[in-house]
Amino acid sequence: MPIVSIPALGLRLQAAPDDNLLKVLRRHRVPIAWSCKRGECGTCKCVLEDGQVRLAGYEEDALPPGQRARGLILACSSSLVGDVRLRLVDPDEWIEHPKRHLHCRVLDVRRLAPEVFALRLGIVGSDDARGPLVFSAGQYAHLRVRDAQGLWVGRDFSMAGTPVEAEYDGQLEFHVRRTATGAFSSLLGDGLRPGDEVRVEAPMGRAYFRPRHAGPLYAISAGTGLGAMLSLVQTALDNGKTEPVALYAGFRNVSEVYGSQHMAEMERRHRNFRAHLVVEFDSPQGMRVGRVGDALLADLAPQPAGAKFYLAGSPSMVDAVSRQLLARDVPAGDLHADAFYAPGPAD
Ligand SMILES: Cc1cc2nc3c(=O)[nH]c(=O)nc-3n(C[C@H](O)[C@H](O)[C@H](O)COP(=O)(O)OP(=O)(O)OC[C@H]3O[C@@H](n4cnc5c(N)ncnc54)[C@H](O)[C@@H]3O)c2cc1C
Ligand code: FES
């Protein structure tokens, strides 16, 4: 008779040959999450540390080959063929949306600050027949447009709109900081007009909102990292999160500041939400002065238990704040960041 052991819980469960693994776990009230029970949603993932199962009848989106190679299985799609040793996982850590290649058109380009633009795209088609784009708040996309010479130029940008807007309205928004010599960003302004073609590969990134987390949420941004963090915070609040949610939006100087009215409106709507605008080199009224990480750390006394930290923006901010948080014993698993690294030579 096969034995299912879960050392972390001190369990050794009796099963029958060919038993469905999820059934065995549920029969013994093992705390595993599940939803579809037919290999479509990926909720019942666990790690097969030892032994074999017969895994069949599941969709690749629910368990991509890369995860399978790392030992993950779907309990609902696994039949027992012998003894197995399992480790349960937090399903939030294994959210994986299928990557899509989308055909988009520019809907509009709005100026948010002198050198910051909101680029809004309409999704008009895709290379597959999968329906709407699904992503998690905080993720990013690779955008490609034609430059003045007609050559394709591509850069990564984080989704600033919420997943709901993409799924139901077919729209994507990005906040882009323009630099005069930037191959992509210099096209913002006059170089990209409504109707222009944009190719989008999405979604990507691990710094996405963890919906099952119960505890305070801190979102920290530098510059246009604010787009990703607004998407994430808005999604958390829309999901009915009741624990404190704080957004620390850092800018180098006052000319880069944007989104303050939007954040003030969010504060009015959600009593558990606080926005902190921090400007490094000026001290305009109503904003804090200094580095965004220092403002955050000054407020973290005493340190809240069970908090998660999401970071987006320049590598220097993300590295510095991550190091400071780790030094304060924040577990690495509660830090989620995709820094805005410059593109490699192949881009
Ligand atoms: C995961 C991720 C998410 C991102 N999200 C966002 C976002 O939401 N918003 C956003 O604004 N950005 C984001 N970025 C950054 C973005 O992808 C681009 O790197 C950034 O916009 C710069 O592109 P560019 O076209 O302006 O300039 P590039 O042409 O890439 O040049 C970058 C800068 O370096 C200078 N430069 C170029 N070549 C050289 C050289 N050889 N020597 C010295 N200097 C040089 C240019 O003058 C320019 O100022 C993200 C990056 C990543 C990795
Ligand atoms: S419960 Fe949906 S994949 Fe197993």
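When a ligand or atom number is given, it counts from 1 through the structure's own listing order. What you are looking at is a predicted structure, and each value in this text was computed from that prediction instead of being measured.
Among Phe174, Phe340, Phe157, Phe117, the residue whose heavy atom sits closest to atom 51 (C) of ligand 1 is Phe340.
Looking at Ala339 against ligand 1, only its backbone comes within 4.0 Å, counting heavy atoms. With a 4.0 Å cut-off on non-hydrogen atoms, His175 touches ligand 1 through its backbone and not its side chain.
Of all atoms in ligand 2, numbered sequentially from 1 with element shown, those under 4.0 Å from a heavy atom of Ser35 are 1 (S). Listed by number with element, the atoms of ligand 2 under 4.0 Å from a non-hydrogen atom of Lys37 are 1 (S), 2 (Fe). Residue Cys41 has at least one heavy-atom neighbour below 4.0 Å for each of these atoms of ligand 2: 1 (S), 2 (Fe), 3 (S). Contact atoms of ligand 1 toward Thr181: 46 (C), 47 (O), 49 (O) (distance under 4.0 Å to a heavy atom of the residue). Each of the atoms 11 (O) of ligand 1 lies under 4.0 Å from some heavy atom of Val176. Remark: ligand 1 atoms within the under-4.0 Å shell around heavy atoms of Tyr341 are 51 (C), 53 (C). Remark: ligand 2 atoms within the under-4.0 Å shell around heavy atoms of Glu40 are 3 (S). Close approach of ligand 2 to Gly39 (heavy-atom distance below 4.0 Å) involves ligand atoms 3 (S). Distances below 4.0 Å separate heavy atoms of Cys36 from the following atoms of ligand 2: 1 (S), 2 (Fe), 3 (S).
On a distance-only criterion, Thr179 and ligand 1 share at least one N/O pair closer than 3.5 Å. In terms of polar-atom proximity, defined here as any N/O pair under 3.5 Å, Ser186 makes no such contact with ligand 1. Close N/O approach between Phe184 and ligand 1 is found [any backbone or side-chain N/O within under 3.5 Å]. Geometrically, ligand 1 and Tyr140 share no nitrogen or oxygen pair separated by less than 3.5 Å.
When only non-hydrogen protein atoms are considered, atom 29 (O) of ligand 1 lies nearest to Ala183 N, 2.8 Å. For atom 27 (O) of ligand 1, the nearest non-hydrogen atom of the protein is Gly182 CA, 3.1 Å. Looking only at heavy atoms of the protein, atom 3 (S) of ligand 2 is closest to Gly42 N, 3.2 Å. With hydrogens left out, the protein atom closest to atom 26 (O) of ligand 1 is Ser185 OG, 2.4 Å, a heavy atom. Shortest contact from atom 8 (O) of ligand 1 to any protein heavy atom: Ser158 N, 3.0 Å. In terms of protein heavy-atom proximity, atom 18 (C) of ligand 1 is nearest to Arg155 CD, 3.9 Å. Summary of contacts: the protein heavy atom closest to atom 10 (C) of ligand 1 is Thr224 OG1, 3.2 Å. In this structure, atom 14 (N) of ligand 1 lies nearest to the protein heavy atom Asp156 O, 3.2 Å. What sits closest to atom 4 (Fe) of ligand 2 on the protein, heavy atoms only, is Cys44 SG, 2.2 Å.
Nearest heavy-atom pair, Asn272 versus Glu243, reported as atom, atom and distance to 0.1 Å: ND2-O, 3.0 Å.
Using a 4.0 Å cut-off between a side-chain N of Lys or Arg and a carboxylate O of Asp or Glu, Arg210 and Asp90 do not qualify as a salt bridge. A salt bridge does not link Asp92 with Lys308: none of the charged nitrogens is closer than 4.0 Å to a carboxylate oxygen.
In this structure, OG in Ser78 is found 12.0 Å from CG in Asp19, a value given to the nearest 0.5 Å. Note that the CD atom of Glu173 and the OG1 atom of Thr162 stand 10.0 Å from one another [nearest 0.5 Å]. Interatomic distance, Arg105 CZ to Asp196 CG, rounded to the nearest 0.5 Å: 8.0 Å. Between the CZ atom in Phe309 and the OG atom in Ser322 there is a gap of 10.5 Å [rounded to 0.5 Å]. Atom OG of Ser314 and atom OH of Tyr341 lie 10.0 Å apart (nearest 0.5 Å). With rounding to the nearest 0.5 angstrom, the CG atom of Asp50 is 9.0 Å from the CG atom of Asp83.
Looking only at distances, no side-chain donor or acceptor of Gln139 sits under 3.5 Å from a matching main-chain atom of Tyr208. In this structure, Ser79 contributes its side chain and Asn20 its backbone to no donor-acceptor pair below 3.5 Å.
Each of Phe117, Phe340, Tyr258 was scored for a ring pair (Phe, Tyr, Trp, His ring centres under 6.0 Å) with His175, with one residue passing: Tyr258. When Glu201, His142, Arg199 are each tested for a side-chain contact (heavy atoms from CB on, under 4.5 Å) with His101, only one passes: Glu201. Of the candidates Leu296, Leu300, Asp319, Asp294, Asp294 is the only one forming a side-chain contact (heavy atoms from CB on, under 4.5 Å) with Gln324.
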Any chance you could lay out the salt bridge (charged side-chain N to carboxylate O under 4.0 Å, His left out) test for Glu280 and Arg252, step after step, and finish with the verdict?
CA-CA 5 Å; Glu280 196 169 342; Arg252 264 178 310 182; over 6 Å; no

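Taking a 4.0 Å cut-off on heavy atoms, Pro343 registers as neighbouring ligand 1.
At least one protein heavy atom sits closer than 4.0 Å to atom 1 (C) of ligand 1. There is no protein heavy atom less than 4.0 angstrom from atom 35 (C) of ligand 1. Shown here, atom 42 (N) of ligand 1 is out of close reach of the protein: none of its heavy atoms lies under 4.0 Å off. The nearest protein heavy atom to atom 22 (C) of ligand 1 is not closer than 4.0 Å. Protein heavy atoms come within 4.0 Å of atom 46 (C) of ligand 1. Within the 4.0 angstrom cut-off, atom 38 (N) of ligand 1 has no protein heavy-atom neighbours. Distance check on atom 32 (C) of ligand 1: every protein heavy atom falls at or beyond the 4.0 Å cut-off.
In this structure, Phe135 has its ring center at least 6.0 angstrom away from the ring center of His97.
Ring planes of Phe174 and Phe157: perpendicular class, angle over 60° (limits at 30 and 60°).
With 2.8 Å as the limit, Cys76 counts as an N, O or S neighbour of atom 4 (Fe) of ligand 2.
With contacts defined as side-chain heavy-atom distances shorter than 4.5 Å, the pair Glu267/Arg274 qualifies.
No continuous path of ILVMFWY side-chain contacts below 4.5 Å connects Val198 to Leu107, so the two sit in separate hydrophobic clusters.
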